[in-house]
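Numbering of residues begins at 1 and proceeds along the displayed sequence.
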Amino acid sequence: MQAFQYQSPASLAAAAAALKAEGAKLLAGGQSLLPSMKLGLAAPGSLVDLGGLGDLQGVSVQGGTVRVGAMTRHADVAANADVERAIPALAHLAGNIGDRQVRNRGTIGGSLANNDPAACYPAAVLGLGATVHTDRRTIAADDFFKGLYETALADGEIITAVSFPAPAKAGWIKFKQPASRFSLVGVFVSKGPQGVRVAVTGAGPCVFRAAALEARLAANWSAAALAGASVSADGLNSDLHGSAEYRAALIPVLAARAVTAAG
């Protein structure tokens with residue numbers, strides 16, 4: 001790991017200013033960036049640590065919306081009683097990300113900005129039709145995820161919070177890779193203010209919605225509605241853990257289980 005400068009700004013404005021320096025990178029929970037630096041895959045000239053910004057932390061529930069600060073740890077979302085009441089599936093998802101160390105260091109903002117193809121949080125954001133708030137604007141979930149490790153964030157733009165509309169029903173199931181605990185395939189389903197949504201992570205280069213499964217569930221919200229459903233393997237991931245065809249076959253199975261879990 002090469003030398004770098006470390007900065008701990010006291011305000012969001014100061015963080016944005018520090019991020020303008022050449023080679024500067026934001027540090028949230030560090031669960032993706034720091035391992036990449038150790039492996040020589042990333043070499044930022046300076047790290048701008050958001051850990052001291054208390055206004056980017058915490059959860060609030062108001063008017064049917066759950067708002068989670070960008071620097072809120074996964075473990076804190078999982079343990080929050082208000083989240084458990086409003087969106088139990090979101091608390092369940094947060095409580096099953098990685099291992100205990102990851103849950104106590106990783107943040108929702110860092111996960112979304114990184115947009116790992118097998119990360120869990122993108123499925124909840126897209127599956128609930130959430131809104132991503134930044135220091136410049138708001139971005140709808142359908143517009144946020146662009147591709148492999150790619151998002152709609154502009155250079156220097158900082159995620160500040162995520163707002164989730166509380167659904168009537170929601171469920172989350174993942175088939176995890178046992179070593180990393182990332183999703184080999186994960187499916188988040190919901191029925192609520194944003195309609196019926198089915199979001200899939202781990203199967204493709206980026207989280208995506210399964211429109212064919214959404215149509216079936218919109219007509220009949222039940223696991224039985226997905227019997228015989230299929231998803232094309234075109235463009236899906238294929239690796240030593242599972243072929244594209246295997247992942248495609250898992251998607252409707254896990255979606256049906258998520259609907260059952262949602263009730």
Exercise. State whether the side chain of Q194 and the backbone N or O of L126 hold a donor-acceptor pair below 3.5 Å, judged by distance alone.
Key: no
Practice problem: May I ask you to decide if G58's main-chain N or O and D76's side chain share a donor-acceptor pair within less than 3.5 Å? | Solution: no
Self-check item: Closest non-hydrogen atom pair between H74 and A94, with its separation
Solution: O-CB, 3.6 Å
Practice problem: Give a yes or no on whether the backbone of S190 and the side-chain of R197 come within a donor-acceptor separation of less than 3.5 Å. | Solution: no
Practice problem: Check whether any side-chain N or O of R247 sits under 3.5 Å from a backbone N or O of G242 as a donor-acceptor pair, and report yes or no. | Solution: yes
Quiz item: With a 3.5 Å cut-off and no angle check, do the side chains of N114 and Y149 form a donor-acceptor pair?
Solution: no
Practice problem: Indicate the atoms forming the closest heavy-atom contact of D49 with A28, along with that distance. | Solution: OD1-O, 4.5 Å
Quiz prompt | Donor-acceptor under 3.5 Å (R73 side chain, R105 main chain) | solution = yes
Quiz item: Do other residues, nucleotides or ligands put more than 12 heavy atoms under 6.0 Å from R137 CZ?
Solution: yes
Practice problem: Take atom CD of E150 as the centre, draw a 6.0 Å sphere, and report whether it contains more than 12 heavy atoms from other residues, nucleotides or ligands. | Solution: yes
Practice problem: Please name the residue in the list V162, T131, T134 that meets the side chain to side chain contact (heavy atoms under 4.5 Å, CB included) test with I139. | Solution: T134
Quiz prompt | Between OG on residue S243 and CG on residue N237, distance to nearest 0.5 Å | solution = 11.0 Å
Exercise. Measure across A154 and R136 and return the closest heavy-atom pair with its distance rounded to 0.1 Å.
Key: CB-NH1, 3.7 Å
